[in-house]
J.: 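Below is a structure I'd like to ask you about.
Chain A is the first sequence line, chain B the second, and so forth, proteins listed ahead of strands; every chain is numbered from 1.
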There are 2 protein chains.
Amino acid sequence: MGPKAAETRTSAPRTPLTRERVLRAASDLADRDGLDALTMRALADELGVEAMSIYYHLPNKNAILDGVVELTFAEIAAEAAAQGPARADAAGWSAAVRARILGARRVLLRHPWAPVVIDQRKSFSPAMVRHVDGIVGVMRDSGMSHDLIHHSLHAIGNRVYGYVQELSDDGQAPPPGQLEQMQSFAPHLAAMLAEVAHVDPESTLGWCDDQTEFEFGLDLLLEGIERRRLAEAAERSGPADR
Amino acid sequence: MGPKAAETRTSAPRTPLTRERVLRAASDLADRDGLDALTMRALADELGVEAMSIYYHLPNKNAILDGVVELTFAEIAAEAAAQGPARADAAGWSAAVRARILGARRVLLRHPWAPVVIDQRKSFSPAMVRHVDGIVGVMRDSGMSHDLIHHSLHAIGNRVYGYVQELSDDGQAPPPGQLEQMQSFAPHLAAMLAEVAHVDPESTLGWCDDQTEFEFGLDLLLEGIERRRLAEAAERSGPADR
DNA sequence: GTCGTAAGACTTACGATGTAAGGGAGCGAT
DNA sequence: ATCGCTCCCTTACATCGTAAGTCTTACGAC
């Protein structure tokens, strides 16, 4: 049959399993058949392999879930890179952040399972941290305080990726070395966390006052809606005035 | 042993199982041990019964999940009732909505699993519909258009209960009779839906343009953050001026 | 060649979980 | 007594993640 196999085996030589191949197949499978269909056996089938073989390359299913989220954020980073550096002046921070968020959303629409997984695993992969760091950088360039940026991140993050569950997040403190390590590849975020943590000594990185964050985001929405309402009323009463 | 049982049975006479008793036990169990611990067998244990006995009162586990969400919204309704009718004039709509949202959140903090379940089951129980209807009513009293209310609901709803997954919601059309039925116990919501659906004929109730809703909510946040930024800048440069 | 060795896949098996199917126990009405 | 209804129990199965151990293959050393 065509090229005679070097082996006496009749089947194709089968490209070897790797962590990357497994994760890509997992992502594809979830895209195609939904998150529920992503089982170890189905994934193994997809790879032409037995379920337990996967465990040689990844320790367990949670590692796979973390891995596919990581892949997704890599895609988001690629999307962001594709539309240029997008650093902005003070007035333009909003458009820059908007572009990044909508870019992320475009990717997430291709992987609708991703927010679900992010939510239930609270994963904080390096790729995700870098993404957030970029947003912090843009905001910082606009002159915002770290405190304001911090609240804003909660408000926006809640909207884009899944994490609804600030509900009693019980934010566990991270291993103490982590902040220093973060400094290298997420400097803006690290700086923000250092300052915010400084103000509120308990809860070093993990996390903030949920109720405060919740009300902050809620009030942003309510204020915005109120302005829309006033605009409607003005429109109704006097479009005469222009 | 104490009061001799009327039966020859040695154990207590055991209050009979009912749908309500099952759901309450399920809610309590999830509160105490987490959503993962809510299994049919654990729930049965909790009730002093075998797992399969539950199926006489509820058809399957999904019905239980829907049921506990319903219970939760009943609690939210009670919370809302406890703080008075809270109808407001045009200017006060915001405070009234705020109070309702925060009331709902207080309940959801007692049941951290609830948003997760709401999210993954997209349940629309009558109690939930009534809750939303109340908010629509308050907003309507302030003179807002149905269209604005509709967008606002998306923005706020996304924040309070889980539903992150407007991501490709693929909003399925509801059974056609549903809107008329809703008219009786959720008049404001029904009116809004009738008008919104009228403007956009496809997708009768189910649902709206995700991208539009997403951007609406995002822009509310971005605008609000921008105003906070300007306030900070003003504060920094000239607190002299007052 | 032929071995030893280790990487990498496979086999088997176990304990959860949701639930289909059917088996009664109890009891009021006839 | 016996039927029939309500309500609970027993048994069993498919599917899931994964622990434990085995077999296969490739390859370097002799």
J.: Given the side-chain rings of H150(A) and H154(A), with only the six-membered ring counted for Trp, is the space between their centroids under 6.0 Å?
T.: yes

J.: Think S53(A) has a side-chain N or O under 4.0 angstrom from the OP1 or OP2 of dC10(C)?
T.: yes

J.: What is the distance, to the nearest angstrom, from the CD atom on E50(B) to the P atom on dT11(D)?
T.: 10 Å

J.: Between atom NZ in K61(A) and atom C1' in dA19(D), what is the gap in whole Å?
T.: 18 Å

J.: Once you round it to whole Å, what is the distance between C1' of dT17(C) and CG of L38(B)?
T.: 12 Å

J.: Whole-Å distance between dT17(C) P and L65(B) CG?
T.: 14 Å

J.: Would you say Y56(A) places a side-chain N or O within less than 4.0 Å of OP1 or OP2 belonging to dA9(C)?
T.: no

J.: Check the distance between dG17(D)'s C1' and N60(A)'s CG and give it to me in whole angstrom.
T.: 9 Å

J.: Could you tell me the separation between the CE atom of M40(B) and the C1' atom of dG15(C), rounded to a whole number of Å?
T.: 19 Å

J.: Taking it one step at a time, do E70(B) and R24(B) satisfy salt bridge (charged side-chain N to carboxylate O under 4.0 Å, His left out)?
T.: CA-CA 11 Å; E70(B) 203 182 324; R24(B) 181 126 302 291; over 6 Å; no

J.: Please give, in whole Å, the distance from dG17(D) P to Y55(A) OH?
T.: 7 Å

J.: When you measure from the side chain of S184(B) to the backbone N and O of Q181(B), does any donor-acceptor pair fall under 3.5 Å?
T.: yes

J.: Establish, with yes or no, whether the OP1 or OP2 oxygen of dT6(D) is under 4.0 angstrom from a side-chain nitrogen or oxygen of H57(B).
T.: no

J.: How many whole angstroms separate atom CD1 of I54(B) from atom P of dT17(C)?
T.: 12 Å

J.: Does a donor on one side chain sit under 3.5 Å from an acceptor on the other, for Q211(B) and E215(B)?
T.: yes

